[in-house]
Amino acid sequence: MHVPPTNTAPPTTPRRHRRSRPLGFAALAVSLLMAFPTAQAAFGDEAEAVPGGGDLGPNVLVFDPSTPDIQGKVDEIFKKQESAQFGSDRYALMFKPGTYDNINAQIGFYTSIAGLGLNPDDTTFNGDVTVDAGWFDGNATQNFWRSAENLALKPVSGTNRWAVSQAAPFRRMHVKGGLNLAPDGYGWASGGYIADSKIDGQVDPYSQQQWYTRDSSIGSWGNGVWNKTFSGVEGAPAQSFPEPPYTTLDTTPVSREKPFLYLDGDDYKVFVPAKRTDARGTTWADGSTEGESIPLEQFYVVKPGATAQTINAAVEQGLHLLFTPGVYHIDETIKIDRADTVALGLGLATIIPDNGVTAIKVGDVDGVKLAGLLVDAGTQNSETLIEVGPDGASGDHSANPTSLQDVFVRIGGAGPGKATTSIVVNSDDVIIDHTWVWRADHGDGVGWETNRADYGVHVKGDDVLATGLFVEHFNKYDVRWSGENGRTIFFQNEKAYDAPNQAAIQNGDIKGYAGYKVDDSVTTHEGWGMGSYCFYNVDPTIRQQHGFQAPVKPGVKFHDLIVVSLGGKGQYEHVINDTGSPTSGDTTIPSQVISFP
């Protein structure tokens, strides 16, 4: 163990040799046709084209400063959604550019709030966007599935409250004051995510257990509990893990911000930010973000009742996908096999595979953007829920990687669901930017076999980067990494609460499956700011051999690992492999840096 140098940045790692794939005449012809989609190009003369554009449906509420009773309408949605943790309603609250006075937009489950300007300051609230935990007796550890994007706030009290846990991104926001990440009364909160945002004042986590902030600017940071990780953040505290538990990287090696809907005059468009390397600070600090605008007419605006067949026909025709708020049951896989396709969800749009199919498969192509989607496992077991690239994919996508942003997975909770592996990444160079992959520990349809899900995320591709990886409660490995040159900046994990006994989790001669495993064949891998926690409340005598497992090789390195026994229910014997002190009772035993050899 040794203390890492301050503000360490990820090194450049060697890339494997890849076969070149020249574009043949047929592929070139298809590419040219897709640039100008027509019904004839996609289906032949007699096929009916899927129309692009159109209205955004009843669950996208669009406001301008002259809209009457904005507060009343926002309060009405909040009243419905405040405690609807496993409900079926979905909403997006969209605000046209302008100034809105005396607003307090309280945000409940499956509700997204966003400005419709090209920059956050185009839409300003003289007021707040609030998440609190009154519905759960002041405990914010179940404040999931909501978001705030692309707004400027001048909080009434000087500080905005955003007391959330997983799957609640705070993106592209400008807080002209402070930001409080804890609920009223300072009850527990379980960690969240900020990106491409500017907070002029201090961010105060208070009781937040862990948090990841990326490519942003903050006035200052208040405190840390277990794991606070920063990459590319101006104003971030200096590297100091474990006292206080700050992991700080000067830059983010590769990033691309999430696509977003905006208004250009009276026309809706989707802006797709450009890829950045060694990023630091917001994309909009010096003016408009670099990237591409795509008119809404080039999107199939998906509404509840749409079938997978129609969705796939739209993609084949050359359209992007904009999922309006709702729940979508599908009986065949949504296939995205065209480079640069955007599939963007509004209001936590939710996809449920009904008959054991994979919900979404992405081809081994450049630059696909999956964003703002929740995939909910169906009652019939799916081998996978999301696949990026086919097995054995080998294309080089370093110049234009595929990205998953605010893509969430749930197995159980809203009812019985099963999936062997939630997300499989076969393609190289993929960016996984903020995902929560969750086998439910509460709600309906929960039990060791009832919502069986052995594996959370399996990365097989090379040069994959995860920024903000939240994966919890799987029956076996939560994360398994088989590809070379993988990197993870921030990892949050809990082992499955409901293991019935020690034998149920036994992994050969190892006690339990690691929360994060790197395959023995891997030679280069690195991680920063990573925590694994156990809470074996069914059998508190369970012993977990380690939170992390990795080969002992010079190129495999981890910085700032922590394991925690929550309330002393279950124990870790080590942090990684057989290294690191055991947990004892409810005391956290952090390790500073573990490098190999």
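By convention here, the first residue in the shown sequence is residue 1.
At a threshold of 4.5 Å between non-hydrogen side-chain atoms, the residues Tyr513 and Arg480 do not count as touching. The shortest distance between side-chain heavy atoms of Asn223 and Pro244 does not fall below 4.5 Å. Residues Phe86 and Trp145 meet the side-chain proximity criterion, which asks for heavy atoms closer than 4.5 Å. Between Pro401 and Ser427, every side-chain heavy-atom pair lies at or beyond the 4.5 Å cut-off. Using a 4.5 Å cut-off on side-chain heavy atoms (C-beta onward), Leu373 and Ile360 make contact. Within the 4.5 Å cutoff, side-chain heavy atoms of Gln142 are placed close to those of Trp135.
At least one donor-acceptor pair closer than 3.5 Å links the side chain of Gln239 to the backbone N or O of Thr248. No donor-acceptor pair under 3.5 Å is formed between the side chain of Arg171 and the backbone N or O of Asp196. A donor-acceptor pair under 3.5 Å is absent between the side-chain atoms of Glu387 and the main chain of Asn426, judged by distance alone. Side-chain atoms of Thr251 do not come within 3.5 Å of backbone N or O of Ala279 as any donor-acceptor pair.
Side-chain contact annotation: Gln405 with Asp433, donor-acceptor N/O pair under 3.5 Å present. Counting only N and O atoms by type, the side chains of Asn501 and Asp539 include no donor and acceptor under 3.5 Å apart. Remark: the His397 side chain and the Asp364 side chain contain an N/O donor-acceptor pair separated by less than 3.5 Å. Judged purely by distance below 3.5 Å, without hydrogens or angles, the side chains of Asn139 and Thr141 pair a donor atom with an acceptor atom. Of the N and O atoms on the side chains of Ser398 and Asp429, not one donor lies less than 3.5 Å from an acceptor on the other residue. Under the 3.5 Å distance criterion, with hydrogens and angles disregarded, no donor-acceptor pair is assigned to the side chains of Asp376 and Thr350. Side-chain polar atoms of Thr252 and Ser231 form a donor-acceptor pair below 3.5 angstrom. No side-chain donor from either of Asn143 and Ser165 sits under 3.5 Å from a side-chain acceptor of the other. For the residue pair Thr420 / Asn381, a side-chain donor-acceptor distance below 3.5 Å is found, with atom types taken as modelled. If you check the side chains of Thr358 and Glu383, you find no donor sitting under 3.5 Å from an acceptor. Looking only at atom types and distance, the side chain of Trp436 has a donor-acceptor partner in the side chain of Glu472 under 3.5 Å away. A donor-acceptor contact under 3.5 angstrom links the side chains of Asn475 and Arg439, judged on distance only.
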I'd like to know whether Ile505 forms a side-chain contact (heavy atoms from CB on, under 4.5 Å) with Gln544, so could you lay out the CA-CA distance, the side-chain angles of the two residues, the decisive distance to 0.1 Å, and finally the verdict.
CA-CA 9 Å; Ile505 66 163; Gln544 178 81 22; 3.9 Å; yes
Please determine whether side-chain contact (heavy atoms from CB on, under 4.5 Å) holds for the pair Lys460 and Asp391, giving the CA-CA distance in whole Å, both sets of side-chain angles, and the decisive distance to 0.1 Å.
CA-CA 8 Å; Lys460 300 181 183 180; Asp391 193 38; 3.6 Å; yes
Run the side-chain contact (heavy atoms from CB on, under 4.5 Å) check on Ser422 and Ile411 step by step: do they pass?
CA-CA 8 Å; Ser422 291; Ile411 299 99; 3.1 Å; yes
Residues Arg280, Asp250; criterion side-chain contact (heavy atoms from CB on, under 4.5 Å); working and verdict:
CA-CA 7 Å; Arg280 182 173 174 82; Asp250 274 344; 4.2 Å; yes
Apply the test side chain to side chain donor-acceptor pair (under 3.5 Å) to residues Thr541 and Gln502: give CA-CA distance (whole Å), side-chain angles for both, the deciding distance (0.1 Å), then the verdict.
CA-CA 8 Å; Thr541 69; Gln502 187 76 44; 5.8 Å; no
Asp462 and Asn485: side chain to side chain donor-acceptor pair (under 3.5 Å), yes or no, with the steps?
CA-CA 6 Å; Asp462 291 349; Asn485 299 337; over 6 Å; no
As a quick check of understanding, evaluate salt bridge (charged side-chain N to carboxylate O under 4.0 Å, His left out) for Glu257 and Arg214, giving each step before the final call.
CA-CA 10 Å; Glu257 299 306 327; Arg214 178 182 64 71; 2.8 Å; yes
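Of the candidates Tyr206, Trp211, Tyr193, Phe170, Trp162 forms a ring-ring contact (aromatic ring centres under 6.0 Å, His included) with just one, namely Phe170. Results of the ring-ring contact (aromatic ring centres under 6.0 Å, His included) test with Phe491 over Phe558, Tyr212, Tyr516 single out Tyr516 as the only residue that passes. With Leu561 as the fixed residue, the side chain to side chain contact (heavy atoms under 4.5 Å, CB included) test singles out one of Val575, Asn227, Thr247: Val575.
Other residues, nucleotides and ligands contribute only 12 or fewer heavy atoms inside 6.0 Å of the NZ atom of Lys511.
The CG atom of Leu348 lies 6.0 Å from the OG atom of Ser147; values are rounded to the nearest 0.5 Å.
Ring-centre distance between His434 and Phe470: below the 6.0 Å cut-off.
The cationic atom of Arg90 (NZ for Lys, CZ for Arg) lies less than 6.0 Å from the six-membered ring centre of Tyr110 and within 45° of the ring axis.
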